Structures are given as C-alpha cells and as structure tokens.
Amino acid sequence: MTSHTVGDLAASLPPSVEARALRTDIRFVEFFGLPGVGKTTTSRLLANSLRRCGPLVGDVRMASEGRTFIARQIYRIGVVAPRFLDREFRSLLARIVRFVIESRQVSRFDAFRLVWNLIGVVAFVQHERSRRNSIIILDQGLLQGFWSVLLKSRCRKTSENWLDMLSAIGIHDMIFVYLRSETGIARDRLLTRGDQSSRLQRTSPDSDPDLWSAADRACREMAATLEQGMGTEDHIGVLAAVDVERFASPEDVAERALEAVLLACLDRHRLCDSPGQTA
C-alpha cells in the first residue's frame, strides 16, 4: 500500500514538481491516543517512510530523536527560556497555568509536570515554525498534553478551554493522527512495557477501575470536538483517525498513517497552488 500511495501521489502531480517537495504549509505531524496504543513506534516508522518519499515531503525529523530524558529536558529549557521575551508566549503560559490549576490535579507535582510538558511543546512548535521545507513528527504533542490534564482532572469547569488555547497556538500547519483502538488493546500493550512513564501504568486497576474508561472517553471526546472545530473554519489543520486492531502490526498502522499524511500534504499542495493562494 505504501508504494502504491506514493506512486499515486507522484503521478497526480505536474511533472515540474515531482523532483521537489510539495508546496505545502504542513510543518507538524502529531500523534494522539491512549497510552500503549503505539504512538512512539508508529511515529518512528512514519518518519522513516516519509524520508523514503524523497523530495516530495522535504526534510523529515523526529521531535525528540536521539535524546535521553535528561537531554530532552536540557534541550527544552534552551527552547523555552528565550520564549519568555515574547508576549504571546507569556500569555499562552498564563492560560495553560490557569487551566491546569483550575482543573485541580491530584498533586502539585502532577500540575507542575503537566504545565512543563505543555509549555515545552508550545515553545518547540513556535521555535520550529519558521523553518521551511521541513516536517516534524511528534509522538507526544499538544493534544496529548491537554488530554493528560483532563485525565485526572477533578474539575472540568475551567475558565480556559483547551480547544481555544490550541487555536491560539495555531494548528493551521498541523496534522493530528488519532490512533483509535479499543481500551483493552492499549491496556494490554501498556502492561507489557517495562517502564512506568504513564500514569495509567502507575495506577492499580483495582484502585481506580474507571480510569481507563475515562481515558478512552476523553480521547474520543477531544477528537470529536477538534473535528467539529476544524469544520467551522477553512485551512485550519487536519485530523486523521487510524484504527488500531489487536493483531495489526506496527508496520500496518504506520502504513495507514502514511497514507493519511500524504493525502493531507497533497490536498494542501493543491490548495496552495490554486489561484489566489500562497504557501
């Protein structure tokens, strides 16, 4: 399917653009879904597949490729610190802090970690946005950050709305790939991992039996809300849902994600090349 999709994409383009990157404003591909569903594995496979597409999509990079946890935090500090000079970033930071505080997280540490993760992604997106002919793959991005806030929120009535903040950050140059699966599939895969990086791993199913149901409900509600929000305005990003079945291999899932991303890039290429449009 992969070679067929790439071939169809190339065949649909004028000969003058086959040897260069698509004229598109897509800069970020962000994965979203339940812990254990395969976001990191799929994102790496997608990055490799996009690189094999050659000049059609330009330079492709993983957001955290080759960095340890400590190295990622040091890099994040270097990206976040200069952004404090920007008034727009400070405004977004204040809104994110207010959102997290009003959501009443279980602990102060959880609240701090959620704020730090979100502002780190915001700063990274703003930092990378000026680059041209480059696509960044994020296995953990803005949607996943807001989902983490909602996961154990003890108060859903906040003065800030996650979709409004997402729109303020800007999603016109983003593709969100929602890896959609049954709760049992994600849970079983997560339990086989040796780390404890997810709060769903660190929480006993017996102590909080409804947590996985709440996690799945939050994912589906956010995807539906985002899709509805995108439908109210033109040229405002792409949401692609990719179903993950129990016996689907990571390569199969990545192949479906590749098709969705390439089709989105082609749509944007046609839009940018239409009369009266600029990239």
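Treat the numbers as computed from the prediction; the structure is a model and nothing was measured. Only this structure's heavy atoms are used, side chains among them; waters, hydrogens and symmetry mates stay out.
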At what distance, to the nearest 0.5 angstrom, does OG1 of T42 lie from CG of L179?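 Reported to 0.5 Å precision, the distance equals 5.0 Å.
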Value for OG (S167) from CG (L226), rounded to nearest 0.5 Å, stands at 8.0 Å
Given the rule that I, L, V, M, F, W and Y join up when any side-chain heavy atoms are under 4.5 Å apart, are V149 and L163 in one cluster? yes
I'd like to know if F84 and W116 are part of one continuous hydrophobic network [Ile/Leu/Val/Met/Phe/Trp/Tyr, side-chain heavy atoms within less than 4.5 Å].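 Shared cluster, yes.
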Those residues at least two apart in sequence (or on a different chain) that pass salt bridge (Lys or Arg N to Asp or Glu O under 4.0 Å) with R108 are none
Assess the residue pair D210 and S213 against the criterion (side-chain hydrogen bond (donor to acceptor under 3.5 Å, both in side chains)); give the C-alpha distance rounded to whole Å, side-chain angles, the decisive distance to 0.1 Å, and a yes or no. CA-CA 5 Å; D210 296 327; S213 296; 5.1 Å; no
Counting distance only, does the side-chain N/O of [X] pair as donor-acceptor with the main-chain N or O of [Y] below 3.5 Å?
| X | Y | result |
| --- | --- | --- |
| W162 | G145 | no |
| S103 | V100 | yes |
| R27 | D173 | no |
| R189 | G38 | no |
| T225 | E221 | yes |
| E30 | M174 | no |
| R44 | D139 | no |
| K39 | L138 | no |

Taking everything shown except E182 itself, do over 12 heavy atoms lie less than 6.0 Å from its CD?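 Check fails, neighbour count at 12 or below.
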Next on the checklist: Quick check on R87: does its CZ atom have over 12 non-hydrogen neighbours (other residues, nucleotides or ligands) under 6.0 Å away?
Outcome noted: no
### Query
Is any NZ, NE, NH1 or NH2 atom of the basic residue among R95 and D164 found under 4.0 Å from an Asp or Glu carboxylate oxygen of the other?
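Salt bridge absent between R95 and D164.
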Under 4.0 Å between a Lys/Arg side-chain N and an Asp/Glu carboxylate O for E88 and R129?
no
Margin query: Between I137 and F31, is the side chain to side chain contact (heavy atoms under 4.5 Å, CB included) condition met? List the steps.
Written below: CA-CA 8 Å; I137 312 293; F31 281 83; 4.0 Å; yes
From the list V80, I74, V79, side chain to side chain contact (heavy atoms under 4.5 Å, CB included) with R76 holds only for V80
Q.
Walk me through whether F28 and L142 qualify under side chain to side chain contact (heavy atoms under 4.5 Å, CB included).
A. CA-CA 11 Å; F28 305 96; L142 295 167; over 6 Å; no
(message) Over 60° means perpendicular and under 30° means parallel, so tell me whether F99 and F146 are parallel, tilted or perpendicular.
(response) perpendicular
message: Using the rule given for side chain to side chain contact (heavy atoms under 4.5 Å, CB included), can you reason through L258 versus L50, listing the C-alpha separation, both sets of side-chain angles and the distance that settles it, and then say yes or no?
response: CA-CA 7 Å; L258 173 64; L50 286 172; 3.5 Å; yes
Hey, does L45 have a side-chain heavy atom less than 4.5 Å from the side chain of P250?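 Of all side-chain heavy-atom pairs linking L45 with P250, at least one is under 4.5 Å.
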Subject >> Note, C265 side chain near I135 side chain (heavy atom, < 4.5 Å) >> reply: yes
Query raised in the report: For S159 and E102, what are the C-alpha separation, side-chain angles and deciding distance, and is it a side-chain hydrogen bond (donor to acceptor under 3.5 Å, both in side chains)?
Result: CA-CA 8 Å; S159 59; E102 291 178 359; 2.9 Å; yes
